[in-house]
Amino acid sequence: MMSNAIVAHVILCLAALRVAADSRIGQSSSVPNTFPDISACISEPRIFSCENTTAIQNTCCSPTPGGLVLQTQFWSTWTGLEKKGQKLPKGSWTIHGLWPDNCDGSFEQYCDLSRQFDPSPSPAILPDGTVVPKYTGPGVDKFIEDFNRKDLLEYMNNYWINQGAPNADFWGHEFSKHATCTSTFDVACYGKTYRKHQEVINFFDAVVRAFHQYPTFDMLAASGIVPSNKTTYTLNQLQSAIRSQTGSVPFFGCTTNGTVLSEIWYFSHVLGTEQFGTYKTLDATSTSSCSKDGAIKYLERTPSSEHEVRKF
């Protein structure tokens with residue numbers, strides 16, 4: 001028989017192993033914070049991006065120089081990957097991205113190639129001749145999983161939909177091309193506790209937050225504008241419906257010589273960070289590609305290309 005001392009020692013060892021196991025389980029099931037360190041922003045001047053008269057001193061506090069922020073959306077009628085379950089959400093437009101245009105309407109792209117996660121860069125060569133290498137690593141959906149953000153991943157797979165390629169390829173494109181040019185997503189803004197890919201998750205959260213501010217399908221439908229293969233609309237009808245709710249005229253994009261509605265861009269200045277700040281919606285600085293006076297089709301989707309993602 002074992003002595004009392006040996007029994008006690010075994011019990012202590014087992015207890016220590018259990019504590020260690022519980023600790024690992026807790027770590028694996030926890031959700032790490034991904035927000036930046038904006039404590040220094042408390043003492044910064046409070047002004048909307050692109051409306052400052054002096055240089056922004058702390059670029060983690062306000063998007064600069066890309067302070068003209070565009071929340072962009074698609075109206076697509078197919079994905080090309082329906083058989084794999086990649087479908088469009090019923091009753092909603094889908095996310096395109098969150099873009100940091102410069103205050104004069106120009107823009108930068110792929111600003112940090114060390115954070116290039118786009119498997120199909122577009123453009124592949126920047127205006128200055130820099131080649132944007134194709135990304136061949138794990139998809140950014142793996143980054144989301146590493147941060148235990150199943151909620152975010154589910155939402156993105158429901159509302160941020162690619163055409164002809166996996167959703168994660170599109171997400172990697174949007175981060176690499178646009179977020180790397182947004183100062184409030186710079187790695188330096190996350191402080192000493194920064195964890196690799198933290199800003200990627202933070203950007204995706206910011207995109208979803210901005211998308212929620214502009215429920216395009218509902219705003220149009222509430223004004224009597226719904227997808228139809230028979231009824232057409234005018235650009236003025238589309239613009240007036242959105243302006244009645246946001247106070248500003250967005251950019252409407254159309255294909256097929258300006259006759260088929262396909263996208264919308266909401267322009268804003270931001271008070272604070274792109275992550276958490278207040279968006280002040282502005283009139284678009286880009287001219288609509290839709291017919292100015294002709295009929296515009298807002299086409300229905302085929303039933304096999306969309307599914308219900310709202311839970312009931």
Side-chain angles (χ1 to χ4, degrees), residues 19-46 48-49 56-64 66-67 69 71 95 97-100 111-112 114-118 135 137-160 167-168 170-214 268 270-279 309 311:
V19 169
D22 288 345
S23 176
R24 285 193 296 272
I25 292 171
Q27 289 173 3
S28 65
S29 62
S30 66
V31 178
N33 291 323
T34 57
F35 49 74
D37 180 359
I38 57 173
S39 56
C41 299
I42 295 172
S43 60
E44 291 293 312
R46 287 174 288 280
F48 280 93
S49 58
I56 300 294
Q57 297 301 312
N58 188 337
T59 58
C60 291
C61 300
S62 179
T64 183
V69 179
Q71 198 288 307
I95 298 170
L98 192 61
W99 304 346
C111 294
D112 183 356
S114 71
R115 297 185 291 159
Q116 204 306 84
F117 308 121
D118 186 352
Y135 176 66
V140 294
D141 52 335
K142 181 62 168 59
F143 302 170
I144 302 173
E145 292 173 353
D146 289 344
F147 277 80
N148 293 328
R149 288 298 307 279
K150 294 180 180 178
D151 61 319
L152 178 61
L153 186 59
E154 180 183 17
Y155 189 90
M156 291 169 64
N157 273 317
N158 284 337
Y159 289 97
W160 200 344
N167 291 333
F170 187 25
W171 308 338
H173 167 81
E174 289 298 306
F175 174 84
S176 304
K177 184 172 182 176
H178 301 294
T180 60
C181 300
T182 304
S183 64
T184 61
F185 295 109
D186 287 346
V187 170
C189 299
Y190 294 83
K192 296 179 180 179
T193 60
Y194 171 75
R195 174 177 168 180
K196 189 176 182 180
H197 301 143
Q198 178 177 340
E199 80 282 17
V200 180
I201 313 306
N202 191 217
F203 170 70
F204 293 154
D205 271 327
V207 174
V208 168
R209 174 179 176 265
F211 176 64
H212 276 298
Q213 295 184 59
Y214 303 107
S268 298
V270 180
L271 178 65
T273 63
E274 208 167 283
Q275 290 93 318
F276 310 123
T278 297
Y279 284 52
V309 297
K311 297 183 178 180

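Not measured: the values here are computed from a predicted model.
Remark: Thr182 engages no residue in a side chain to side chain donor-acceptor pair (under 3.5 Å) (not counting sequence neighbours). The side-chain contact (heavy atoms from CB on, under 4.5 Å) check on Arg209 picks up Gln213, Tyr279, with sequence neighbours excluded. The salt bridge (Lys or Arg N to Asp or Glu O under 4.0 Å) test applied to Glu145 returns no partner, not counting sequence neighbours. In terms of the ring pair (Phe, Tyr, Trp, His ring centres under 6.0 Å) criterion, residue partners of Tyr155 (sequence neighbours excluded) are, by chain and number, Tyr159, His212. With sequence neighbours excluded, the residues forming a side-chain contact (heavy atoms from CB on, under 4.5 Å) with Asp118 are Tyr110, Gln116, Ser120, Pro121, His173, Ser176, listed by chain and number. For Trp160, the side chain to side chain donor-acceptor pair (under 3.5 Å) test picks out no residue, with sequence neighbours left out. Scanning for side chain to side chain donor-acceptor pair (under 3.5 Å) contacts around Ser39 gives Asp37, with sequence neighbours left out. Residues satisfying the side chain to side chain donor-acceptor pair (under 3.5 Å) criterion with Asn33, sequence neighbours excluded, are absent altogether. With sequence neighbours left out, Phe143 forms a ring pair (Phe, Tyr, Trp, His ring centres under 6.0 Å) with Phe117, His197. By the side-chain contact (heavy atoms from CB on, under 4.5 Å) test, Lys150 is found to be paired with no residue, residues two or more places apart in sequence or in another chain being considered. Considering only residues two or more places apart in sequence or on other chains, Asp141 meets the side-chain contact (heavy atoms from CB on, under 4.5 Å) condition with Leu153, Ala168, Trp171.
With contacts defined as side-chain heavy-atom distances shorter than 4.5 Å, the pair Ile38/Gln275 does not qualify. Counting only heavy atoms from C-beta outward, the side chains of Phe147 and Leu152 never approach each other to under 4.5 Å. The shortest distance between side-chain heavy atoms of Glu199 and Phe203 does not fall below 4.5 Å. When side chains are defined from C-beta on, Arg149 counts as touching Asp205, because their heavy atoms get closer than 4.5 Å. Side-chain contact between Pro36 and Thr184 is absent, with no heavy atoms from C-beta onward closer than 4.5 Å. Considering only heavy atoms from C-beta on, Asn202 stays 4.5 Å or farther from Glu274 through its side chain. Considering only heavy atoms from C-beta on, Glu174 stays 4.5 Å or farther from Val207 through its side chain. Between Val140 and Phe175 there is no side-chain heavy-atom pair separated by less than 4.5 Å.
Judged purely by atom type and a 3.5 angstrom limit, Asn148 uses its side chain to pair as donor or acceptor with the backbone of Ser30.
Residues Gln71 and Ser268 bring no donor and acceptor atom of their side chains to less than 3.5 Å of each other.
Here the closest non-hydrogen pair linking His178 and Leu98 is CB-O, 3.8 Å.
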Would you be so kind as to tabulate the donor-acceptor pairs closer than 3.5 Å made by side chains of residues 57-64, with sequence neighbours excluded?
residue	atom	partner	partner atom	Å
Gln57	NE2	Ala55	O	3.3
Asn58	OD1	Cys60	N	3.0

